[in-house]
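Comments concern the structure below.
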Amino acid sequence: MEELTVEVLRAWARTALAELARARTEIDELNVYPVPDGDTGTNLYLTWEAACDALPKGELTFTEAIQAFGRGALLGARGNSGVITSQLIRACGLRLNENLPHHQTDGVLADPRMSEPAAFADALKYAADAAYSAVAQPVEGTMLTVARAAATGAMTAANDGKTLADVCLAAVASARQALTKTTEQLEVLRRAGVVDAGGAGLVVILGAMESVLTGQVVRVDVPARVEPQGESAEAEDGPAYEVMYLLDAPDDKVGDFRQTLATLGDSVVVVGGDGLWNVHVHTDNVGAAIEHGIDIGRPHRIRVTHFDDQAHHHEPAPGRAMIAVVAGDGLADLYVEAGARVIRGGPGRRCSTGELLQAIEQSQAPEIVILPNDQDSIAVAEAAATAARQDGIRVAVIPTRAQVQGLAAIAVHDPERSFDDDVVHLSAAAGQTRHGAVTIAIKDAWTMAGRCRTGDALGVVDGDFALITEDLETAAVGVVDRLLGGGGELLTIVTGRDVPPGLAEAVERHVRRQRKDVDVVVYDGGQDRYPLLIGVE
């Protein structure tokens, strides 16, 4: 690809999220700076996931897409590494938008200031400079160093007249080289025998862009620990708390505010702009860190973490409950067998916030994971989670939009993992599952696939009507072929209450003939309205 478009942004977002999920544990294990709390990979993944979730579906201009993505990262940033990453994303997007303006209708470039390769390299440089400026006391041997090296490599390639893909290749190569050198640049890394965890995550993100622009799968292997040099690394005494909050404040007040925070502790990062900022500091004086925000604006979404407590949360926590919204008796049996509490929902029967809160209360568990399993139940689940958190319960909502995504998530649930670790695994499994279904039209209507009439067979792909056919078997085969067109190793078929005899078997035969590399499993779900639910992992 030789143009930076909305489609490229979407592909990069999806690819990077999957790669961060794959590398998250390895990055966590590298985490010894600025605090050895083993959560850098998790924070990067959650920050990137928030950015992806904020990217709207449907037709967007490049400006709309990049602004939504950057704002999502800013609002969802987690930890020191996540906050810096959000600044890199936002600054890069702003610079690209300046140099590559797009029409509001067809996405065609309108009088760009620079060529695509030059604009991309310039945006990386602008983003690296912005990240350095956002940190009160920049330290070399961190992800800041890796970001600047990537920008330098890209600028050199762009100045040599290279293509967009080649500029990206140069950025990734320079970032990888800089990452290997971080071990010697920062004493705590040298003693532990590791590279910088945040820098490793940034290399994974850049590698995902290389995959998109070159069309080749780029797998970035996170460097493992090497033999520690000198005395073994031990946790150094430092501030006891991590304080994070969003801050509504005038842009011209932030520079002095950032320096004031630096007098209270370390790892001070303040990113954002246009009146909205994300504030991060490690400190012993939580009250003062928040009060200084009040002095210049309105702090909100305040989160305070005691590092000792955080270390405890990485240990397996007892009493974690899974709550799933299910659409049929057979599906209920599957979820219960996997250890979940179930609430009936689905088409024609929406669950309520009260039902979810009652299930949370009855579980008496300090940690809760909710699988909404349809689009409409996600908001209900989030409302219940917000209410439960006020009672001190840790609640995570995995945004599963289909029953098959919930099945994929619960299949990787491990109560022996830490809460954050488990949530990341469940989110990754659900997010990597494409979903479809077949149903019968109950009235004449216009759909995304065209006009349907009562009795037509309809095929649904990722939540949208994609096929209108005369019979369910043709619709089901069409849905399966579309889902498998993007790759996959496991096809899950869930039969509904009114499934015609032989339909699931016909689909299974088709897959076994056409795709011998794909495993097929069939479950009796018993759901209404949809004779087949289909998932591909």
Side-chain contact test, heavy atoms from C-beta onward, threshold under 4.5 Å: evaluate it for V404 versus I534 and give yes or no.
no
Flag the pair L458 / I468 as yes when at least one side-chain heavy-atom distance between them is below 4.5 Å, and no otherwise.
yes
Any sub-3.5 Å donor-acceptor pair from Q405's side-chain atoms to T433's backbone N or O?
yes
Under 3.5 Å, side chain of Q403 to main-chain N/O of D374, donor-acceptor pair present?
no
Rounded to the nearest 0.5 Å, what separates atom OG1 in T25 from atom NE2 in H425?
5.0 Å
With I205, the side chain to side chain contact (heavy atoms under 4.5 Å, CB included) member among L88, T85, L17, I89:
T85
Flag, side chain of T439 to backbone of R529, donor-acceptor distance under 3.5 Å
yes
What verdict does the side-chain contact (heavy atoms from CB on, under 4.5 Å) test give for I493 and V520, after you've listed the backbone C-alpha separation in whole Å, the side-chain angles of each residue and the deciding distance to 0.1 Å?
CA-CA 8 Å; I493 300 173; V520 181; 4.1 Å; yes
Can you tell me if D28 and T42 form a side-chain donor-acceptor pair at under 3.5 Å?
yes
Side chain D464, main chain A466, donor-acceptor under 3.5 Å:
no
Under the 3.5 angstrom rule, does the side chain of T5 hit a backbone N or O of V8 as a donor-acceptor pair?
yes
Give a yes or no on this: more than 12 heavy atoms of other residues, nucleotides or ligands lie within 6.0 Å of atom CZ of R71.
no
Backbone N or O of R417 within a donor-acceptor pair of the R320 side chain at under 3.5 Å?
yes
Report the C-alpha distance between V518 and E489 in whole Å, list the side-chain angles of each, state the deciding distance to 0.1 Å, and finish with yes or no for side-chain contact (heavy atoms from CB on, under 4.5 Å).
CA-CA 5 Å; V518 175; E489 299 174 350; over 6 Å; no
For side-chain contact (heavy atoms from CB on, under 4.5 Å), just list the numbers for V6 and T61, CA-CA rounded to whole Å, side-chain angles, deciding distance to a tenth of an Å, and then say yes or no.
CA-CA 7 Å; V6 175; T61 64; 5.9 Å; no
Spell out, as yes or no, whether a donor-acceptor pair under 3.5 Å connects the side chain of S427 to the backbone of V424.
no
Any chance you could measure T180, atom OG1, to D196, atom CG, to the nearest 0.5 Å?
12.0 Å
For the backbone of V203 and the side chain of R176, can you confirm whether one donor and one acceptor N or O come within less than 3.5 Å of each other?
no
Is any side-chain heavy atom of W48 closer than 4.5 Å to a side-chain heavy atom of V204?
no
To the nearest 0.5 angstrom, please state how far the CD atom of Q67 sits from the CG atom of N97.
6.0 Å
So do the side chains of L331 and L407 get within less than 4.5 Å of each other, counting heavy atoms only?
yes
Indicate yes or no: does R10 engage E7 in a salt bridge with an N to O separation below 4.0 Å.
no
Using 30° and 60° as the class boundaries, would you call the ring planes of F69 and W12 parallel, tilted or perpendicular?
tilted
Side-chain heavy-atom pair V369, F419 within 4.5 angstrom cut-off
yes
Would you say V521 and D519 make side-chain contact, with heavy atoms under 4.5 Å?
no
Separation between CZ (R22) and CD1 (I27), nearest 0.5 Å, reads 8.5 Å
Looking at D414, is its backbone amide N or carbonyl O close enough to the side chain of D422 to form a donor-acceptor pair, meaning the two atoms are under 3.5 Å apart?
yes
Side chains of R78 and T47: do they bring a donor and an acceptor to under 3.5 Å?
no
With rounding to the nearest 0.5 angstrom, report the CZ to CD distance, R14 to Q432.
12.5 Å
So, the side chain of R24 versus the backbone of Y45: is there a donor-acceptor pair under 3.5 Å, distance only?
no
Neighbour count above 12 (heavy atom, 6.0 Å) for Q177 CD
no
Is any side-chain heavy atom of V460 closer than 4.5 Å to one of V479?
no
Roughly how far apart are L169 CG and T214 OG1, rounded to 0.5 Å?
6.0 Å
Which pair of heavy atoms, one from I66 and one from G93, lies closest together, and at what distance?
CG1-CA, 3.3 Å
Is there side-chain contact between M143 and S81, with at least one heavy-atom pair below 4.5 Å?
yes
Test V423 against L426 for side-chain contact (heavy atoms from CB on, under 4.5 Å), laying out the working first.
CA-CA 5 Å; V423 167; L426 269 64; 5.8 Å; no
